[in-house]
Amino acid sequence: MMFSLEGKTALVTGASGGIGSSIAYALAKQGARLALSGSNGDKLRAFREQLIADVGGDHVEITCDLSNAEQVEELIPATIETLGTMDILVNNAGITRDNLAMRMKDEEWDQVIRINLEASFRLMRAAARPMMKARGGRIVSITSVVGHTGNPGQMNYVAAKAGLTGMTKSLAQELASRNITVNCVAPGFIRTAMTDALDDKQKDAINGRIPMARMGEGEEVAAAVTYLASDEAAYVTGQTLHVNGGMAMMG
Ligand code: NAP
């Protein structure tokens, strides 16, 4: 079967979230064994039970607050201790704290940089050694179309996502000779609980900017992650796969 992840292990951060849950389902359906991570233990446990009921497999949950550096440093060792290996790292967790630049508080900047950028750096750094020892690995980070286009009210978020894209290119060059690929998936507007809360006028305004005239689905982001995590994507590294309905067409 193409894109099989049979026998592989993966850590997914933000696994109980809108896009993270789609990624977890997609990887589990391809046969991967998962460590599901998030800061909310109750949400995570309920999600893991549902995932196992729906797809089967023997998945675990590891609670970790990504705003806490000490906890972040423990996440990869805990994953390897629990699963035995870690073939795939998916940096999916992310938050927004939107504000116009002139009103943006230090705390809004710090939180977004800490969770969306710094935690990803720590996880990538920690994943590099075991992946090098294993002579292979996959790192996929979820960025955003706005990390490439900019967006008013999101200086912090755009800085973090553009930073993550740049970090990915550097690490991809460091690890390429070891058969470890490092890539990003950049979603456009994806239908989640957050976008469901918008009214019809707001949704129409968004859809008007998208050639496909609709928001994307979590499954459509997850399919891109599955591809980049698979053996078939062995020759693709340092890249961003854009999943945005044509909203922005990057070279
Ligand atoms: P979401 O539903 O809000 O999920 C975010 C996830 O991040 C949650 O599972 C949450 O887990 C986790 N998280 C938040 N703060 C955390 C912390 N301090 N420590 C550990 N985990 C934390 O968001 P989403 O829409 O699925 O977004 C997933 C990724 O896609 C993000 O990186 C986002 O920037 C990106 N993205 C989304 C869209 C979109 O349209 N939705 C577009 C482009 C990019 P807990 O609740 O357990 O803390």
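Computed from heavy atoms alone, side chains included, the values below leave out hydrogens, waters and symmetry copies. Order of listing sets the numbers, starting from 1, for every ligand and every atom in it.
- Within a 6.0 Å radius of CZ in Arg122, more than 12 heavy atoms belonging to other residues, nucleotides or ligands are found.
- Side-chain N or O atoms of Asn156 include one that pairs as donor or acceptor with a backbone N or O of Arg97 at under 3.5 Å.
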Counting only pairs under 3.5 Å, give me each side-chain donor-acceptor contact of residues 163-176, with atom names and distances, residues two or more places apart or in other chains.
residue, atom, partner, partner atom, Å
Thr165, OG1, Lys161, O, 2.9
Thr168, OG1, Leu164, O, 2.8

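- For the residue pair Gln71 and Asp65, no side-chain donor N or O sits within less than 3.5 Å of a side-chain acceptor on the partner.
- Every protein residue with a heavy atom nearer than 4.0 Å to ligand 1 is included here: Gly14, Ser16, Gly17, Gly18, Ile19, Gly38, Ser39, Asn40, Lys43, Cys64, Asp65, Leu66, Ser67, Asn92, Ala93, Gly94, Ile95, Ile115, Ile142, Thr143, Ser144, Tyr157, Lys161, Pro187, Gly188, Phe189, Ile190, Thr192.
- Contacts of Phe189 classified as ring pair (Phe, Tyr, Trp, His ring centres under 6.0 Å), with partners at least two apart in sequence or in another chain: none.
- Here Thr63 pairs with Leu44 under the side chain to side chain contact (heavy atoms under 4.5 Å, CB included) rule; sequence neighbours left out.
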